[in-house]
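One structure is given below, encoded as structure tokens.
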Amino acid sequence: MHIVVCIKQVPDSAQIRVHPVTNTIMRQGVPTIINPYDLFALEQALQVRDYHGGEVTVLTMGPPMAEESLRKALTYGADRAVLLTDRHFAGSDTLATSFALSQAIAKIGNSFGSPDIVFTGKQTIDGDTAQVGPGIAKRLNLVQLTYVAKITSIDLSTRAITVERRSEGGTHVLKSELPCLITMLEGSNVIRRGALDDALRAARSEIVKWNAAEAGIEDITKCGLRGSPTVVKRVFAPTPREQKAVQIDTVEKAVQDVADELVASIFNNQPALEHELSSTGSVSR
């Protein structure tokens, strides 16, 4: 099998700051990491490779510094890494990003073998749109299996895959044909630590680097800002609440007394809610 995993280098969300004047994200001095959701996609790809054989190619689009995340992916056990980097990609929204990545995946297929599965994380922690994976699937005409929690089986003889997809109402068991694109959920597996041999190999491995032309992208107007119909107008932090939390003492109190005190506190702070519930007969005091 040949499996492609799309990852993204993102700023560590725990250390992001917003500029108080420009309302933009301050990236200076903020460490970058592999998007956490993408790690579950990478681990799942490695498990499929370990069981069925084949290769795992990791792909990312970003500035030259994104090479760090690709080498990190190699330390986990990926076989090959491809960096799609070009000034033409700067400012890409999800539409332009999915276009560039789909073109690169097509080039990967021509260069290293057509992928049987393309894995992505369910979303990224910096954009939170969950649009790039489905966008790639649409452009490459692949069956898309989103929010997958578990791969139940893969039958290479019939080119079929069965997965469990999590939804609000429960779990869907879906069977589809290969090739396909899968977006993996968090917590779907346990991410390996990586072996020493893989770490040494990653340090000396050559990262395949393509610009737009080398990736086979002919229409540059579909990339970067020119190919992005959406832009981020501003980024801002939520305004802190002035009202402080109310703490209810529960020491040596019966459960019923604590519950009564809690309800009374809620109604004291929201009298309209008490009136609304009383008028419908939903509450009595």
In Å, rounded to the nearest 0.5 Å, how long is the span from [atom1] of [X] to [atom2] of [Y]?
X      : Y      : atom1 : atom2 : result
Asp155 : Ile161 : CG    : CD1   : 11.0 Å
Ser92  : Arg226 : OG    : CZ    : 11.0 Å
Gln103 : Glu218 : CD    : CD    : 8.0 Å
Glu261 : Asn268 : CD    : CG    : 10.5 Å
Leu185 : Lys122 : CG    : NZ    : 6.0 Å
Ile7   : Ile34  : CD1   : CD1   : 4.5 Å

Shortest non-hydrogen separation from [X] to [Y] and the atoms involved:
X      : Y      : answer
Ala149 : Ser188 : O-CB, 3.3 Å
Tyr37  : Gln123 : CD1-O, 3.1 Å
Asp38  : Thr120 : OD1-C, 4.3 Å
Gly91  : Ser228 : O-OG, 3.4 Å
Leu46  : Ala78  : CD2-N, 3.8 Å
Thr75  : Ala199 : CG2-CA, 4.0 Å

With a 6.0 Å cut-off (strictly less than), is the heavy-atom count around [atom1] of [X], excluding the residue itself, greater than 12?
X      : atom1 : result
Glu214 : CD    : yes
Lys253 : NZ    : yes
Asn141 : CG    : no
Arg166 : CZ    : no
Arg159 : CZ    : yes

Set out, in order, the CA-CA distance, both residues' side-chain angles and the distance that settles side chain to side chain contact (heavy atoms under 4.5 Å, CB included) for Cys223 and Phe99, then state yes or no.
CA-CA 7 Å; Cys223 302; Phe99 171 75; 3.8 Å; yes
Linked, directly or transitively: [X] and [Y] (ILVMFWY side chains, under 4.5 Å):
X      : Y      : answer
Ile182 : Leu101 : no
Val10  : Phe89  : no
Ile220 : Trp210 : yes
Ile136 : Leu84  : yes
Met61  : Ile217 : yes

Could you check whether any side-chain heavy atom of [X] comes within less than 4.5 Å of a side-chain heavy atom of [Y], counting everything from C-beta outward?
X      : Y      : answer
Pro115 : Ile105 : yes
Ile191 : Leu42  : no
Leu140 : Leu181 : no
Val48  : Ile151 : yes
Leu156 : Leu178 : yes
Thr85  : Thr60  : no
Val82  : Thr57  : yes
Ile3   : Asp116 : no

Going by the side-chain contact (heavy atoms from CB on, under 4.5 Å) test, name the single residue among [options] that passes it with [X].
X      : options                    : answer
Leu59  : Val5, Ile108, Leu83, Leu70 : Ile108
Thr250 : Val258, Val255, Asp257     : Val258
Cys180 : Val163, Leu174, Val143     : Val143

Cut-off 3.5 Å, side chains only: do Thr146 and Arg165 have a donor facing an acceptor?
yes
Using the side chain to side chain contact (heavy atoms under 4.5 Å, CB included) rule, take His172 and Glu164 through it: C-alpha gap first, then chi angles, then the decisive distance, then the call.
CA-CA 6 Å; His172 298 158; Glu164 293 183 7; over 6 Å; no
With side chain to side chain contact (heavy atoms under 4.5 Å, CB included) as the test, would you mind laying out the steps for Asp126 and Lys8 before giving the verdict?
CA-CA 10 Å; Asp126 58 348; Lys8 184 179 182 182; 2.9 Å; yes
Could you please spell out the steps behind the side-chain hydrogen bond (donor to acceptor under 3.5 Å, both in side chains) verdict for Arg139 and Ser98?
CA-CA 8 Å; Arg139 294 183 184 277; Ser98 63; 3.2 Å; yes
Under 4.0 Å between a side-chain nitrogen and a carboxylate oxygen: does that hold for Glu67 and Arg71?
yes
What verdict does the side chain to side chain contact (heavy atoms under 4.5 Å, CB included) test give for Leu262 and Ile248, after you've listed the backbone C-alpha separation in whole Å, the side-chain angles of each residue and the deciding distance to 0.1 Å?
CA-CA 7 Å; Leu262 175 60; Ile248 298 177; 3.9 Å; yes
Between Asn35 and Ile125 (side chain of the first, backbone of the second, donor and acceptor by atom type, cut-off under 3.5 Å), is there such a pair?
yes
Residue pairs involving residues 43-65 (criterion salt bridge (Lys or Arg N to Asp or Glu O under 4.0 Å); sequence neighbours excluded)
Glu43-Arg192, Arg49-Asp79, Asp50-Arg192, Glu55-Arg80
I need the full list of salt bridge (Lys or Arg N to Asp or Glu O under 4.0 Å) pairs touching residues 93-109, with sequence neighbours left out, sorted by first then second residue.
none
side-chain hydrogen bond (donor to acceptor under 3.5 Å, both in side chains) between Ser114 and His2, intermediate numbers included
CA-CA 7 Å; Ser114 299; His2 184 202; over 6 Å; no
